[in-house]
Amino acid sequence: MDRRSFTQGLSALALVSSASLSSSALQTAAGAAAAPAAADDTRAARQIAHTTINTPLRLGLIGAGSRGQELVRSFLRVPGVRITATADVYPPRFEQLDKVCGYQVARHADYRALLDRKDLDVIVIATPLGLHAEHVLAALKSGRPVYGEKTMAYTIAQAREIVAAVAASKQVFQVGHQYRYSPWIRAALARVQAGEIGDVTHVLAYWNRNNSWRRPVPDPSLERLINWRLYHKWSLGLIAELGSHHMDIANWTMGSYPVAVQASGSICYYRDGRETDDNVQVILSYPGGRRMVFTSMTDNAKQGDQLWLYGTKGSLNLTLQDATFFYEPRKVTAVKEEKGDKKQEPVVTSASYSPANEMPYRGPGKSVEVKDPEDPTTAATRAFVYCVRTGERPIADEHVGLGSALAVVSANEARVAKREVEISAV
Ligand SMILES: NC(=O)c1ccc[n+]([C@@H]2O[C@H](COP(=O)([O-])OP(=O)(O)OC[C@H]3O[C@@H](n4cnc5c(N)ncnc54)[C@H](O)[C@@H]3O)[C@@H](O)[C@H]2O)c1
């Protein structure tokens, strides 16, 4: 890891540890960095613990599909929360949501009717990506706090519009990057920040599956509504749907937004009329020449979903359930005398090349132990409610959302244009 960038990120965020949403210093500082800091960790712990207040909170949900229902399951674990109303354009969702809640939730076919209600305290949005900005901006305009799913927006202009709208509204906004609330990822990255694996120069992330991503459709007229992930109008494909989580963790690790990106992809197996690629490869560049590589394929799940942080003194593996450090011994072949001191030289490929020297490190890893490895979405939703009740700025705020949107949207642009795309943070 580039410790300097990390430290710069830390001091920027230290400025904002306990500020309220109305502070303009906070808007600037939070935008300047995406790294964890000691103060940031304290704030995260306070938000996730959420032990103090249980005042009633009436929630309105726009988009009651698979993720909307999952979010509701999590929100209902927070004392005081009630799901009051929902808006969806696909009627079967209403009954599904009632089953999750155990009571009937008021139904709207048009999200604007939901936002017109006077009995809602917060709005949660889990609609397809192409609709995020329209729904988030309207919800903020209605004067309520908003939890909006990732990727924050379909275009960079929309993402910036959301950042400005949050500032203007002074409302709490949290983006669905729930891994910022993952106990094992937070614990592991705090150790990385303390220098445990040296300077992290590379992040390598896989999200591989062996299924088509296609959902069954009861009627062909519903194909694009139900399988929206496969069509450009609503989706930025695997880069957004899976890569956004990894790119967010890379931004967090690097303490910076990326500065450039290269990307490619193709349809190599599922030739079923889809528009979005069934495999993608992305290379993000960060300040100091550091790199993040994201690859996703959908016809082989061997690597699953995992992320590696490679540092000069070791490596960290992150999965959806755990974190493991590895410390391979440094490979040395030569000992050189230098002014009387013996200095070890690293291995060089030469005539004495030996396959054994080039083998992957297969030594045991050391797991990161956490007291309560709870589901990150449960922690994230509880933390959001804490922020709504206290006015505190969420950890996964609109600047975090902007960071992954910059990476995702620019990667998609690079994929289409078949060239490197520069990313400007402003
Ligand atoms: N944070 C995470 O880990 C995570 C996981 C899964 C999905 N997501 C995100 O959640 C969002 C939704 O994904 P999903 O899997 O639930 O999709 P989904 O298709 O299951 O649900 C989307 C819902 O939105 C509804 N909808 C579509 N147009 C609408 C409109 N104009 N007004 C109101 N409702 C409308 C659909 O009918 C559907 O019920 C996506 O942005 C996705 O990336 C995030």
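Indexing begins at 1, ligand by ligand and atom by atom, following the structure's order. We number each residue from 1, following the sequence as shown.
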Peer 1: Give the numbers and elements of all ligand 1 atoms closer than 4.0 Å to a heavy atom of Tyr90.
Peer 2: 37 (O)
Peer 1: With a cut-off of 4.0 Å, which atoms of ligand 1 are near a heavy atom of Leu225?
Peer 2: 27 (C), 37 (O)
Peer 1: Taking the inter-plane angle between the rings of His246 and Phe294 on a 0 to 90° scale, is it parallel (under 30°), tilted (30 to 60°) or perpendicular (over 60°)?
Peer 2: tilted
Peer 1: Which is closest to atom 44 (C) of ligand 1 in terms of heavy atoms, His177, Glu149, His132?
Peer 2: Glu149
Peer 1: What protein heavy atom sits nearest atom 6 (C) of ligand 1, and how far away is it?
Peer 2: Arg67 CD, 3.6 Å
Peer 1: To the nearest 0.5 Å, how far apart are CZ in Arg393 and SG in Cys387?
Peer 2: 9.5 Å
Peer 1: Is there a donor in the side chain of Thr319 and an acceptor in the side chain of Asp305, or the other way round, less than 3.5 Å apart?
Peer 2: no
Peer 1: Tell me, which protein residue and heavy-atom name are nearest atom 26 (N) of ligand 1, and how many Å apart are they?
Peer 2: Val89 CG2, 3.8 Å
Peer 1: Give me the residue, atom name and distance of the protein heavy atom closest to atom 18 (P) of ligand 1.
Peer 2: Arg215 NH1, 3.4 Å
Peer 1: Taking all non-hydrogen atoms of both residues, which atom of Asp375 and which atom of Ser74 are closest, and how far apart?
Peer 2: OD2-OG, 4.2 Å
Peer 1: In terms of side-chain heavy atoms, does Arg67 have a donor or acceptor partner in Thr377 at a distance below 3.5 Å?
Peer 2: yes
Peer 1: Could you measure the distance from the CE atom of Met292 to the CG atom of Leu309? Nearest 0.5 Å is fine.
Peer 2: 9.5 Å
Peer 1: Show the numbers, then the answer: is there a side-chain contact (heavy atoms from CB on, under 4.5 Å) between Asn210 and Asn300?
Peer 2: CA-CA 5 Å; Asn210 57 11; Asn300 184 307; 5.6 Å; no
Peer 1: How about Thr55 and Arg389: does a side-chain donor come under 3.5 Å of a side-chain acceptor?
Peer 2: yes
Peer 1: Note the single closest protein heavy atom to atom 36 (C) of ligand 1, along with its residue, its atom name and the distance in Å.
Peer 2: Asp88 OD1, 3.5 Å
Peer 1: Can you tell me the protein heavy atom closest to atom 3 (O) of ligand 1 and the distance?
Peer 2: Gln178 NE2, 2.7 Å
Peer 1: Considering residues, nucleotides and ligands other than Glu95, do more than 12 of their heavy atoms fall under 6.0 Å from its CD?
Peer 2: no
Peer 1: In Å and rounded to the nearest 0.5 Å, what is the CZ to CD distance from Arg415 to Gln281?
Peer 2: 10.5 Å
Peer 1: May I ask you to check if ligand 1 and Lys150 share an N or O to N or O distance below 3.5 Å?
Peer 2: yes
Peer 1: Using a strict 4.0 Å cut-off to heavy atoms of Trp228, name the atoms of ligand 1 that fall inside it.
Peer 2: 13 (O), 17 (O), 18 (P), 19 (O), 40 (C)
Peer 1: Just wondering, are more than 12 heavy atoms of other shown residues or ligands nearer than 6.0 Å to OH in Tyr269?
Peer 2: no
Peer 1: Should you measure from each heavy atom of Leu131, which atoms of ligand 1 turn up under 4.0 Å away?
Peer 2: 28 (N), 29 (C), 31 (N)
Peer 1: Backbone, side chain, both or neither: what part of Thr377 comes under 4.0 angstrom of ligand 1, heavy atoms only?
Peer 2: neither
Peer 1: So which bit of Gln69 gets within less than 4.0 Å of ligand 1, heavy atoms only: side chain, backbone, both or neither?
Peer 2: neither
Peer 1: Once you restrict to heavy atoms under 4.0 Å, what part of Gln96 touches ligand 1? Side chain, backbone, both or neither.
Peer 2: neither
Peer 1: Tell me whether the count of non-hydrogen atoms from other residues, nucleotides or ligands lying under 6.0 Å of CD in Glu422 goes above 12.
Peer 2: no
Peer 1: Starting from atom 12 (C) of ligand 1, find the nearest protein heavy-atom neighbour and note its residue, name and distance.
Peer 2: Ala126 O, 3.3 Å
Peer 1: Are Tyr181 and Glu374 linked by a side-chain donor-acceptor pair shorter than 3.5 Å?
Peer 2: no
Peer 1: Just which atoms of ligand 1 are under 4.0 Å from any heavy atom in Glu241?
Peer 2: 42 (C), 43 (O)
Peer 1: For atom 27 (C) of ligand 1, which of the options Pro128, Ala109, Ala380 provides the nearest non-hydrogen atom?
Peer 2: Pro128
Peer 1: Below 3.5 Å, N or O to N or O, backbone or side chain included: is there any such pair between Gly176 and ligand 1?
Peer 2: yes
Peer 1: Any N or O of Tyr111 that comes nearer than 3.5 Å to an N or O of ligand 1?
Peer 2: no
Peer 1: Is any N or O atom of Thr151, backbone or side chain, closer than 3.5 Å to an N or O atom of ligand 1?
Peer 2: no
Peer 1: To the nearest 0.5 Å, tell me how far Leu120 CG sits from Arg144 CZ.
Peer 2: 5.0 Å
Peer 1: What protein heavy atom lies closest to atom 21 (O) of ligand 1? Include the residue and the distance to one decimal.
Peer 2: Gly65 CA, 3.3 Å
Peer 1: Checking a contact table here: which protein heavy atom is nearest atom 11 (C) of ligand 1, and how many Å away?
Peer 2: Thr127 O, 3.4 Å
Peer 1: Atoms of ligand 1 less than 4.0 Å from His245 heavy atoms?
Peer 2: 1 (N), 2 (C), 3 (O)
Peer 1: Would you kindly specify which portion of Glu70 sits under 4.0 Å from ligand 1, judged on non-hydrogen atoms: side chain, backbone, both or neither?
Peer 2: neither
Peer 1: Judged by modelled atom types alone, do Arg290 and Ser285 share a side-chain donor-acceptor pair under 3.5 Å?
Peer 2: no
Peer 1: Taking a cutoff of less than 4.0 Å between a non-hydrogen atom of the residue and any ligand atom, is Glu134 in contact with ligand 1?
Peer 2: no
